[in-house]
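The block underneath contains the structure these notes are about, expressed in structure tokens.
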Amino acid sequence: MGIADSRTPAVHRGARILDAVSSGAATTPSGLIALLELPKSSIADLLGTLEDVGFLTRRVDGALHPGSRLSDLADPESVVQNLFRACATPDLEGHTISLVRLFGNQIVFVDVHLGRLPLPLTPRPGQRAEATECAGATAILSALPADDAAAAVSAAARHLGLTDDDVRRCLDLRHRRRRKVYESQSAQMGRQLACPVPGTPYALTLHVPRGWPEPAVAKAARALHAAAQDY
Amino acid sequence: MPALRRAAVVLQQISDSGRPMSLAELTQRTGLPKSSVMGICHALADENLLARGVDGTYALGSRLFELASAARAHGLPIGDIGFSYPVAESFFVAEIDALRAEADRLGARLHVHAAKEDRRTQSRQIVEFVSAGVDLILVEPVATDGLEDACAQARAARIPVVAIGSAVSGADAVVATDNTKAGFLAGSALVARLGGRGRVAVVGGIPITANSDRIAGFLAAIAPHQRIEVVATSYGELDAKSGRRAAAEILAANPAVDGFFAANDQIAIGISRVLRGRKLSVPIVGVDGARNAVEEIRAGGPIVATATQDPAALVRAAMDIGIALHGGAHVARPSRYLAPKLIDAHNAADYQPWG
């Protein structure tokens with residue numbers, strides 16, 4: 001359904017504005033008018049509402065930026081920034097780090113701190129992946145008591161149309177004995193190390209580049225664990 | 001209520017619940033008409049801000065996470081900046097002016113405190129900044145050591161500490177002039193002025209790495225010249241008064257000094273006043289590029305050269321690093337040293353001094 005036949009064209013237009021601002025394609029009202037070819041009054045109304053609800057902010061220089069409310073919606077616990085900040089250590093320098101949460105038998109990449117080192121697959125925010133291919137799912141499930149782990153997987157089971165077998169296979173990822181760092185290896189996602197973030201539904205994941213030397217991986221794993229514990 | 005505002009309410013409900021929600025549940029929770037909720041959910045799903053499940057429930061969509069990531073990438077806004085500096089001397093006043101401009105640009109509040117050259121006061125001020133929850137702490141140190149505990153508290157609170165002007169044990173980053181180079185430039189100028197021979201006095205500054213680096217650079221510049229001899233070493237602080245005291249002490253013990261190196265221009269100004277009072281024609285070299293020192297160079301001395309610092313550039317570089325650290329980025333070069341330039345009679349007319 002496009003804007004023309006939508007009953008709520010303002011939502012579509014608002015989304016186009018958010019895209020334009022977040023990509024940097026247009027960060028001023030005049031830039032948005034030119035880019036989106038919408039009337040000045042319409043842009044003014046939309047910007048007013050988007051600013052009111054916190055989806056956009058206007059800096060002192062007048063430039064528009066994505067607002068913090070968007071970040072709050074995706075990360076109600078408000079831990080992403082602190083966790084990535086805690087990962088800013090020499091042993092994790094250059095690495096891709098992601099923060100994931102469980103969604104049924106999948107994980108969702110809540111945010112990704114991109115590194116410089118090439119990976120088999122570079123994760124992107126909002127992307128989903130099979131839990132069985134991600135160390136983050138194992139880390140999250142293993143940090144939970146059995147009943148809570150089952151509830152976490154079941155919460156999105158009907159949304160995803162999962163069978164009982166799907167749920168069981170996902171729960172089989174859970175380790176009975178907790179570890180500091182969990183590891184996975186898959187052809188599609190590559191090698192991952194993950195640590196649960198205590199008190200949150202998240203796991204911090206290190207995406208290990210192919211052929212990375214083991215002593216460096218061990219150091220990075222320790223740094224990842226430290227960041228997940230102390231952020 | 002405009003549709004966009006209703007869309008925000010729907011997204012908030014789903015975010016708060018932490019699980020997929022049905023239309024009926026959303027209608028009940030938001031208190032909005034069902035037809036409206038349905039239209040908004042369809043539009044949000046079309047835009048991938050929501051994801052519709054096989055059972056008709058809605059969860060947050062991939063585009064919301066992309067936009068949230070973009071919001072973080074644009075940086076958490078810096079609302080409050082704390083700056084602790086030694087005393088209200090012209091160099092630090094110039095730094096404060098530059099900081100005010102940076103804070104205005106960011107729409108941030110600037111909290112400025114003078115430590116009065118006391119490291120315990122400066123340590124306390126850093127701790128107070130942490131307690132107040134500022135987003136970034138900048139320190140022009142009164143001493144390189146002694147701030148470790150305060151910096152550790154800032155680190156625990158995830159507040160970056162950036163040292164300006166000189167290194168600080170425990171700070172996350174430092175932005176300073178290349179002080180070794182500055183001392184070397186000043187020393188080379190004095191060697192040239194003395195024709196490679198003479199008895200010189202060195203007046204250092206407060207116990208920060210910047211001053212020890214300047215002295216090391218000066219000594220490196222004179223080392224190849226065996227007929228240049230350091231006959232006296234003393235220490236000043238950050239003002240002309242301390243330079244006057246140091247000069248008087250040195251001249252009392254060594255009346256035949258041929259040249260002075262001062263760790264900063266205010267010490268050089270103090271030495272100059274003593275020399276002029278005694279009608280002595282002895283060249284002085286310093287470090288800073290301060291306005292009053294450059295005016296003396298233009299007027300023919302006794303200050304004959306100064307290696308520049310750029311307080312505004314130091315502040316801008318420190319803010320760049322501080323903003324990056326605040327945003328969670330790893331800063332590849334946490335120590336940044338800006339190149340000084342020698343100002344003497346040949347180029348003083350063209351130089352625009354700070355202060």
Side-chain angles (χ1 to χ4, degrees), chain A residues 1 6-12 14-15 18-19 22-23 45-46 49-50 52-55 57 59-61 65-76 80-82 84-90 92-93 103 108-113 124-128 155-156 158-161 201 231, chain B residues 2-9 11-12 14-16 18-20 35-36 38-40 42-44 46-49 51-77 104-107 156 158 160 325-332:
Chain A
M1 186 187 290
S6 171
R7 288 191 299 165
T8 50
V11 174
H12 296 286
L18 291 176
D19 264 354
S22 66
S23 68
D45 287 347
L46 290 164
T49 306
L50 287 169
D52 278 352
V53 299
F55 286 1
T57 56
R59 298 271 165 90
V60 178
D61 61 1
H65 292 274
S68 60
R69 175 90 179 273
L70 293 164
S71 176
D72 294 341
L73 287 170
D75 170 31
V80 172
Q81 204 82 19
N82 273 357
F84 284 159
R85 212 182 270 177
C87 289
T89 65
L92 294 172
E93 161 67 7
F103 189 74
V108 177
F109 290 94
V110 175
D111 204 351
V112 180
H113 182 82
R124 299 296 302 138
Q127 185 184 350
R128 294 186 194 175
R158 282 198 285 185
H159 177 92
L160 295 170
Y231 60 91
Chain B
L4 263 178
R5 209 177 286 276
R6 293 182 177 192
V9 171
L11 288 168
Q12 189 66 58
I14 296 174
S15 171
D16 289 346
R19 57 178 173 76
S35 61
S36 174
M38 189 165 71
I40 285 165
H42 282 178
L44 289 172
D46 279 348
E47 298 292 344
N48 288 324
L49 290 163
R52 191 168 190 270
V54 296
D55 62 348
T57 57
Y58 290 94
L60 297 180
S62 60
R63 196 161 165 202
L64 185 80
F65 292 96
E66 291 172 23
L67 290 169
S69 182
R72 288 185 207 104
H74 278 91
L76 282 177
D104 287 347
R105 184 177 65 79
L106 296 169
R158 299 281 171 220
L325 291 171
H326 174 70
H330 176 75
V331 176

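Here is how names work: the chains are called A, B, and so on, in the same order as the sequence lines, proteins then strands, and each is numbered from 1.
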Check your understanding: To the nearest 0.5 Å, how far apart are CG in A:Leu70 and OG1 in A:Thr57?
Key -> 9.5 Å

Proximal component of [X], with respect to chain A [non-hydrogen, under 4.5 Å]:
X	result
B:Arg52	backbone
B:Ala7	side chain
B:Leu49	side chain

Review point. Looking at A:Arg69, A:Gln127, A:Arg128, which one has more heavy-atom pairs under 4.5 Å with chain B than the rest?
Key: A:Arg69

Revision key, fill the gap. Taken in chain and number order and not counting sequence neighbours, the residues that satisfy salt bridge (charged side-chain N to carboxylate O under 4.0 Å, His left out) with A:Asp72 are none

Check your understanding: Any idea which of B:Pro160, B:Ser36, B:Gly18, B:Ala51 has the most non-hydrogen atom pairs under 4.5 angstrom with chain A?
Key -> B:Ala51

Check your understanding: Sequence neighbours excluded, which residues qualify as ring pair (Phe, Tyr, Trp, His ring centres under 6.0 Å) partners of A:Phe103?
Key -> A:His159

Is [X] in contact with chain B via its backbone, its side chain, both, or neither, using a 4.5 Å heavy-atom distance?
X	result
A:Leu92	neither
A:Arg124	neither
A:Leu73	both

Exercise for review: Indicate whether any N or O donor in one side chain lies under 3.5 Å from an N or O acceptor in the other, for A:Asp111 and B:Ser69.
Suggested key: yes

Review point. Does the side chain of B:Thr57 come under 3.5 Å of the side chain of A:Arg158 through a donor N or O and an acceptor N or O?
Key: no

Review point. For the side chain of B:Arg72 and the backbone of A:Gln81, is there at least one donor-acceptor N/O pair under 3.5 Å apart?
Key: no

